[in-house]
Amino acid sequence: SFQQGEFSWAVKMSTAMHDQRDRSRSPHEEENGFSAKEIFENRELGMVGYAYDDLICMPGHICFGVHDVALEAKFTKNIMLKTPIVSSPMDTVTEAGMAIAMALEGGIGIIHTSMSLEEQVKQVTTVKRYEQGFIKDPICISATMSLADLAKLIEQTGITSFPITEDGKMGSRLLGLVTKRDTDFSASPTSTVASVMSPFERLTKAEAGLDLKEANRILSDSKKGKLPIVDSQGKLLAIVARKDLIKNAEYPLATKDKNKSLMVAAAVGTRLPDRKERIKALVAAGVDAIVFDNRQGDNEEQQEMIRWAKSEFPALELIGGNVVTKRQAMNLIRCGVDAIRVGMGIGSVSTAHKDRGCGRAQASAVYNVATIARAHGVPVIADGGITSPGHVVKALCLGAGTVMCGSLLAGTEESPGEYFYADSGMRLKAYRGLESSGVKGSVQDKGSVHKYMPYLSQSLKHGLQDIGAASAGAAADQMRSGELRFELRSAAAQREGGIHGLHSFE
């Protein structure tokens, strides 16, 4: 039977590992588990591909508090992150809103390339010009919108107050503000917004040029929740929200460049006809890194683009990929990449392994590519296969500098798209993979990135503390020295390690 075969294979693997350890006289014989080298480089049985769930990290000695754990890591050779999380360049994950939130929380976002050159430049510019507390792209509505349509908009976006402008767009003359409270006692859903809004003349507002401190003072004195910023002609330039000032007064982990602007990366497809013009325009907009977006990154088009971009923009950080083998990685390293994206066919919406029969299990891919990349001083970004904070911990332990997340961040307020409700009443957002090798699905509402990222960070700190590593870098060093031990998990062990034995749970 399958179970008998699995058991005999496990016995054979364990025996081979113990034989190898006896020959090598490992200095860690008193430890349980095996070193990463013993697992990933054991050729007695031939190479076996391992996913994150196939492994578990053995606990180490704790001599420090969880607050002492440092998560700083290299995203590229010259970009450091205080939180080792990167949002994936997918059209249902990262646009300007997500990139801003990720940078504020110490990570970084990669603007997807499934848009026009002009739109991608606009997205990057929005991030680079972001001023904390000033909302420069609020959803505006027209005065002729019905209250019924307003109620639908509130349900779709989760936003409860909107500026009303002359043409319903940002940058035109401000007519007033409307909040959900204004509509609570309205008798007719066919009435227009104009009938219930607070008109321009009654609004507390400010002209362009004030700083955040002054905006906060005005809001505090007026006891208002929103402060519109207008020019001399009354055109709307931005909104300052009191709750944002209270909730997000300071982001000490924010990823910023030398000019104190938020940092952002952008993806570029190597087969796009405007790829060179796109990179030039993105650099002019201030992009901090370019990510070459290929499912299989070991190709002539990408190598040619890396060499061209390095020649044209020597200071620009370039990220190559995706790759899963040492040979693929070396081909990109020789071209001059500043980081390597690792992962092929293992995303939750990818069908590449099934449809194309090519790729690699992610834990094996990360370990092998990180081994050779480290020898050349090139950071690795583990991309895909992440469904929990524990997977992030394992990726960092196997040598990844940072971890790219798609489904883990999709469904947050900052991801593109509108919420909708399943028949069960669950609030969802759409999530999809590449058109060439992916499926469409939906993910559960996760709230704001500003609440979700601190949860992820704290989970990573606890995981590293349990391992006995005071930083992500220390965990990788322990892995390489053999101090960090791993154990392979049977199917039963994997079930045991998850939530089980309950009729239902929340």
Side-chain angles (χ1 to χ4, degrees), residues 95-101 115-116 118-186 188-212 214-216 218-219 221-245 248 413-414 416-419:
E95 291 184 355
M98 175 65 77
I100 289 169
M115 60 180 79
S116 68
E118 294 77 16
E119 179 59 28
Q120 194 175 28
V121 167
K122 180 182 176 182
Q123 295 279 332
V124 168
T125 301
T126 298
V127 181
K128 298 304 292 185
R129 292 183 180 176
Y130 172 81
E131 295 178 69
Q132 186 178 321
F134 290 85
I135 306 168
K136 296 190 175 182
D137 59 346
I139 298 175
C140 299
I141 61 176
S142 69
T144 59
M145 175 181 275
S146 71
L147 296 186
D149 287 339
L150 176 62
K152 291 178 182 177
L153 184 62
I154 290 172
E155 183 177 311
Q156 289 172 348
T157 64
I159 299 170
T160 57
S161 61
F162 301 88
I164 297 101
T165 60
E166 204 165 41
D167 62 0
K169 296 179 181 178
M170 184 65 181
S172 64
R173 190 165 65 89
L174 180 66
L175 301 181
L177 283 176
V178 66
T179 69
K180 187 177 183 299
R181 184 176 55 189
D182 296 324
T183 69
D184 285 344
F185 301 102
S186 176
S188 174
T190 60
S191 298
T192 64
V193 167
S195 67
V196 298
M197 72 181 186
S198 299
F200 182 84
E201 295 75 20
R202 286 169 39 200
L203 296 178
T204 299
K205 47 197 174 291
E207 288 202 3
L210 83 168
D211 59 18
L212 195 59
E214 178 64 13
N216 194 16
I218 295 172
L219 282 171
D221 291 346
S222 66
K223 305 293 192 294
K224 299 293 184 182
K226 295 285 192 300
L227 178 67
I229 310 299
V230 298
D231 64 13
S232 58
Q233 297 177 315
K235 293 180 179 179
L236 182 63
L237 302 178
I239 293 281
V240 179
R242 180 174 174 79
K243 69 174 184 178
D244 289 338
L245 291 173
N248 304 321
E413 291 176 9
E414 292 79 5
E418 296 181 349
Y419 287 107

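Predicted model, so just to flag it, every value in this text is computed and none were measured.
Contacts classified as salt bridge (Lys or Arg N to Asp or Glu O under 4.0 Å) and involving residues 228-238 (residues at least two apart or in different chains) are not found. Sorted by first then second residue, the side-chain hydrogen bond (donor to acceptor under 3.5 Å, both in side chains) pairs that include residues 118-127, not counting sequence neighbours, are E119-Q123, Q120-R278. The salt bridge (Lys or Arg N to Asp or Glu O under 4.0 Å) pairs that include a residue from residues 169-179 are E166-R173, where partners are two or more places apart or lie in different chains. Counting only residues at least two apart or on different chains, no salt bridge (Lys or Arg N to Asp or Glu O under 4.0 Å) pair has a member in residues 191-206.
In this structure, CZ on F162 lies 15.5 Å from CE on M197, to the nearest 0.5 angstrom. Atom CG of L150 and atom OG1 of T160 lie 10.0 Å apart (nearest 0.5 Å).
For S146, the side-chain hydrogen bond (donor to acceptor under 3.5 Å, both in side chains) partners are D149, not counting sequence neighbours. Residues passing the side-chain contact (heavy atoms from CB on, under 4.5 Å) test with M170, sequence neighbours excluded: P138, C140, L236. The side-chain contact (heavy atoms from CB on, under 4.5 Å) search around A143 returns I164, L175, A194, not counting sequence neighbours. Remark: A151 pairs with no residue by the side-chain contact (heavy atoms from CB on, under 4.5 Å) rule, at least two apart or across chains. Applying the salt bridge (charged side-chain N to carboxylate O under 4.0 Å, His left out) criterion to D221, with sequence neighbours excluded, gives R217. Remark: K128 pairs with D257, D288 by the salt bridge (charged side-chain N to carboxylate O under 4.0 Å, His left out) rule, at least two apart or across chains. In this structure E207 satisfies the salt bridge (charged side-chain N to carboxylate O under 4.0 Å, His left out) test with no other residue, sequence neighbours excluded. S142 pairs by the side-chain hydrogen bond (donor to acceptor under 3.5 Å, both in side chains) definition with T144, not counting sequence neighbours.
Nearest heavy-atom pair across P228 and I239 is CA-CD1, 3.8 Å. The shortest non-hydrogen separation linking L174 to F200 is O-CD1, 3.3 Å. The two atoms that bring G176 and L203 nearest to each other are CA-CD1, 3.9 Å, heavy atoms only. The two residues L147 and T192 have their closest heavy-atom pair at CD2-O, 4.0 Å. In terms of heavy-atom proximity, A206 sits nearest to L227 at N-CD1, 4.0 Å.
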* To do: Could you go through the side chain to side chain donor-acceptor pair (under 3.5 Å) check for K224 and T204 one step at a time?
  => CA-CA 8 Å; K224 299 293 184 182; T204 299; 5.2 Å; no
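Taking 4.5 Å as the limit, some side-chain heavy atom of V178 sits within range of a side-chain heavy atom of I141.
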